[in-house]
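Everything on this sheet refers to the single structure shown next.
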Amino acid sequence: MEENKFFKLVWRFNGLVISVAGVLAVGVLLFVAFKLFQDVTRERTTRNIVNIEENAEIKENWRFGQLTKINDGKVLMIPLYSDQSFDRAYFSKSSNSTRNHLFINTETSQKTWLFDHTNYLIERSDKLRKGDFNSKEPILAILYQLVQLDSDHDNRLSAGDLRTIAITNPDGSGYKELIKEVESIVDHTLLNKGELFLVYQKAGVSYSTLLNLESFELTKTDKLPKVGL
């Protein structure tokens, strides 16, 4: 009798443990399923992507970004951002990107857009001057990396597309496209107040080039040697 009672207690204990384990397992599965559902259905935000899909229902809002003072505030540079949002079957997606720049001359009150349209993605805008980011040296020019065409045919303007390297004066005037169909800009540096040394890759080949900052002309372009050659 005592032995039977002992085994009954053991069976009851085992049953209780199994029940508790089952409840915990169900709870864990429900929690994981809830987190997966949240991840799948949440709004997804990306940067520097412009959706150009013709059949997509895209809502596009425009807003100005933070202004930048150029050369003691004589010129103000203000980016124009687009916020695109569109729905998929089970999630929402939004994308923020720079589409234009407004230049304001604070002495004459003249206001000029970089482009008269918003068709491009402005991936980067680098202000060229001697020294580091906090340098007090005057800005000599502004170098742009633009995505103008959907070269990989995915209905988006993004970092996966070929770029165009362009340049303007500090006030946004004198716009000139320097190099097209660039895969990536490796880096650039000012050699002096009149020349920019630029390294980029195009069609799988790396190049270096010198840019005259007064005439905006490329003066010398060379292929970089491959490793071991």
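- The two atoms that bring G160 and S151 nearest to each other are O-OG, 4.5 Å, heavy atoms only.
- Remark: D152 engages no residue in a salt bridge (charged side-chain N to carboxylate O under 4.0 Å, His left out) (not counting sequence neighbours).
- Closest non-hydrogen pair, K130 versus L190, comes out as N-CD1, 3.5 Å.
- For the pair L114/Y144, a side-chain contact is recorded, criterion being any heavy-atom separation below 4.5 Å from C-beta on.
- The closest donor-acceptor contact from the side chain of N212 to the backbone of S215 lies under 3.5 Å.
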- request: Please assess W113 against L80 for the test side-chain contact (heavy atoms from CB on, under 4.5 Å), listing each intermediate value before the final yes or no.
  value: CA-CA 10 Å; W113 286 102; L80 177 67; 3.9 Å; yes
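- Two residues are said to be in side-chain contact when any heavy atoms from C-beta on lie closer than 4.5 Å; L149 and L162 fail this criterion.
- With sequence neighbours excluded, the residues that form a side-chain hydrogen bond (donor to acceptor under 3.5 Å, both in side chains) with D83 are R63.
- Taking the side chain to side chain contact (heavy atoms under 4.5 Å, CB included) definition, one finds that N119 meets it with H117, sequence neighbours left out.
- A donor-acceptor pair is defined here as one N or O able to donate and one able to accept, closer than 3.5 Å; no such pair exists between the side chain of E123 and the backbone of V147.
- Atom-to-atom distance recorded for I70:CD1 and N105:CG is 11.0 Å, nearest 0.5 angstrom.
- The CD1 atom of I165 sits 9.5 Å away from the CG atom of L146 when rounded to the nearest 0.5 Å.
- Residues V182 and L211 fall within the same hydrophobic cluster, defined by Ile, Leu, Val, Met, Phe, Trp and Tyr side chains chained together at heavy-atom separations under 4.5 Å.
- When hydrophobic clusters are built by joining Ile, Leu, Val, Met, Phe, Trp and Tyr residues whose side-chain heavy atoms come closer than 4.5 Å, directly or via intermediates, L140 is grouped together with L196.
- Taking OG of S208 as the reference point, atom NZ of K223 lies at 12.5 Å (rounded to 0.5 Å).
- Residues passing the side-chain hydrogen bond (donor to acceptor under 3.5 Å, both in side chains) test with S173, sequence neighbours excluded: N169, D171.
- Taken to the nearest 0.5 Å, the OG1 atom of T112 stands 9.0 Å off from the CZ atom of F103.
- A side-chain hydrogen bond (donor to acceptor under 3.5 Å, both in side chains) check over residues 175-187, counting only residues at least two apart or in different chains, returns the pairs Q148-E177, Q148-K180, Y175-E177, K176-E217, E177-K180, E183-Q201.
- For L76, the side chain to side chain contact (heavy atoms under 4.5 Å, CB included) test picks out L67, K69, I104, T106, with sequence neighbours left out.
- Contact of the L198 side chain with the L218 side chain is not registered, since no non-hydrogen atoms from C-beta on lie closer than 4.5 Å.
- Under the rule for a side-chain hydrogen bond (donor to acceptor under 3.5 Å, both in side chains), T118 has no partner lying at least two apart in sequence or in another chain.
- Looking at heavy atoms from C-beta onward, D154 lies in side-chain contact with D150 at the 4.5 angstrom threshold.
- Residues in residues 176-210 take part in these ring pair (Phe, Tyr, Trp, His ring centres under 6.0 Å) pairs, two or more places apart or across chains: Y200-Y207.
- Checked by atom type and distance alone, the side chain of T209 pairs as donor or acceptor with a backbone atom of K220 at under 3.5 Å.
- Side chains of I52 and L157 form a contact here, defined as non-hydrogen atoms less than 4.5 Å apart.
- Applying the salt bridge (Lys or Arg N to Asp or Glu O under 4.0 Å) test to every pair with at least one member in residues 99-122, sequence neighbours left out, gives these pairs: E60-R99.
- Placement of L178 and L210 in two distinct hydrophobic clusters is found when ILVMFWY residues are connected by side-chain heavy-atom separations under 4.5 Å, directly or transitively.
- With sequence neighbours excluded, no residue satisfies side-chain hydrogen bond (donor to acceptor under 3.5 Å, both in side chains) with S158.
- Between Y81 and T98 the shortest heavy-atom distance is CE2-OG1, 3.2 Å.
- Nearest heavy atom pair, residue P170 against residue I142, reads O-CD1, 3.7 Å.
- Looking only at side-chain heavy atoms (C-beta outward), L128 and I139 stay at 4.5 Å or farther from each other.
- For D72, the CG atom counts as loosely surrounded, since its 6.0 Å shell holds 12 or fewer non-hydrogen atoms of other residues, nucleotides or ligands.
- Taking V186 as the reference, V199 meet the side chain to side chain contact (heavy atoms under 4.5 Å, CB included) condition, with sequence neighbours excluded.
- At least one side-chain heavy atom of S125 sits under 4.5 Å from a side-chain heavy atom of H101.
- Between R129 and E137, the shortest heavy-atom contact is CD-O, 3.2 Å.
- The two atoms that bring S97 and L121 nearest to each other are CB-CD1, 3.5 Å, heavy atoms only.
- In this structure, I185 is a member of the same hydrophobic cluster as V205, with clusters built from ILVMFWY side-chain heavy atoms closer than 4.5 Å.
- The residues R124 and D126 are annotated as salt-bridged, a charged nitrogen and a carboxylate oxygen being separated by less than 4.0 angstrom.
- More than 12 heavy atoms of other residues, nucleotides or ligands sit less than 6.0 Å from atom NZ of K202.
- With contacts defined as side-chain heavy-atom distances shorter than 4.5 Å, the pair I179/T164 does not qualify.
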